[in-house]
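What follows is a short report on a single structure.
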Amino acid sequence: VQLQASGGGLVQAGGSLRLSCEASGRTFSSYAIGWFRQAPGKEREFVAHIAWRGGSTAYSDSVKGRFSISRENAKNTAYLQMNSLEPWDTAVYYCAAKGPLHHFSRSYDRTEKYEYDYWGQGTLVTVSS
């Protein structure tokens, strides 16, 4: 699976952006998708996750209530809608995929970057104050 993240840019505090993560291949629906971010000088951190069947989502405490993850399997694309952006949201945002998964796949820590098998190249989000 190859992932292409896009949609980053410069936005003022309080603004919104929508990131997209487009995947190659025909089994996108079998992959869980995670969004992570990495600010300069900091570790890559978990932002959001959506299950391979799309029904379950999870967020870090720092973005809960402001960000929303979704997916359109027919378009092989996942999204991260980011609202009420703040300067501390400035980072390179990466999408990642874990899978292919099925009903008998082992459980995993969706917040852990080492659990993911494929990564996109990242897209820069800059929030000005």
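The residues of the chain are indexed from 1 along the displayed sequence.
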Indicate yes or no for a side-chain donor-acceptor contact from [X] to the backbone of [Y] under 3.5 Å, with no hydrogens or angles considered.
{"X": "Asp117", "Y": "Gly99", "result": "yes"}
{"X": "Thr90", "Y": "Val127", "result": "yes"}
{"X": "Thr111", "Y": "Asp109", "result": "no"}
{"X": "Arg66", "Y": "Ser84", "result": "yes"}
{"X": "Ser30", "Y": "Pro100", "result": "no"}

[X] side, atom [atom1]; [Y] side, atom [atom2] - distance, nearest 0.5 Å:
{"X": "Ser60", "Y": "Glu45", "atom1": "OG", "atom2": "CD", "result": "6.0 Å"}
{"X": "Met82", "Y": "Ser16", "atom1": "CE", "atom2": "OG", "result": "8.5 Å"}
{"X": "His49", "Y": "Glu112", "atom1": "NE2", "atom2": "CD", "result": "12.5 Å"}
{"X": "Ser62", "Y": "Asp89", "atom1": "OG", "atom2": "CG", "result": "7.0 Å"}
{"X": "Leu101", "Y": "Phe104", "atom1": "CG", "atom2": "CZ", "result": "13.5 Å"}

[X] to [Y] - nearest heavy-atom pair and separation:
{"X": "Asn83", "Y": "Gln81", "result": "OD1-NE2, 2.9 Å"}
{"X": "Pro87", "Y": "Ala13", "result": "CD-CB, 4.1 Å"}
{"X": "Ile69", "Y": "Tyr59", "result": "N-OH, 2.9 Å"}
{"X": "Asn73", "Y": "Ser29", "result": "ND2-CB, 3.5 Å"}
{"X": "Cys95", "Y": "Ala5", "result": "SG-CB, 4.1 Å"}
{"X": "Ser128", "Y": "Leu10", "result": "CB-CD1, 4.3 Å"}

Q: Look at atom CD of Gln12 and say whether more than 12 heavy atoms of other residues, nucleotides or ligands are closer to it than 6.0 Å.
A: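 Count not over threshold, so no.
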**Q.** Within 6.0 Å of CD in Gln2, more than 12 heavy atoms from elsewhere
**A.**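 No, CD of Gln2 has 12 or fewer neighbouring heavy atoms, counting only those of other groups under 6.0 Å.
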Q) Would you call Arg110 and Glu115 a salt bridge, taking side-chain N to carboxylate O under 4.0 Å as the test? A)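 A salt bridge is absent here (no side-chain N lies under 4.0 Å from a carboxylate O).
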Q) Are Phe36 and Tyr94 close enough that their ring centers fall under 6.0 Å? A)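 No: the rings miss the under 6.0 Å criterion.
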Q) Of the options Arg18, Arg71, Glu72, which is the one that meets Tyr79 in a side chain to side chain donor-acceptor pair (under 3.5 Å)? A)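 Single pass found, and it is Glu72.
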Q) Regarding Lys98 and the six-membered ring of Tyr108, is the cationic atom NZ or CZ under 6.0 Å from the ring centre and inside 45° of its axis? A)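 Yes.
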Q) Any link between Ile33 and Trp52 through a network of hydrophobic side chains (Ile, Leu, Val, Met, Phe, Trp, Tyr) touching at under 4.5 Å? A)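 Different hydrophobic clusters.
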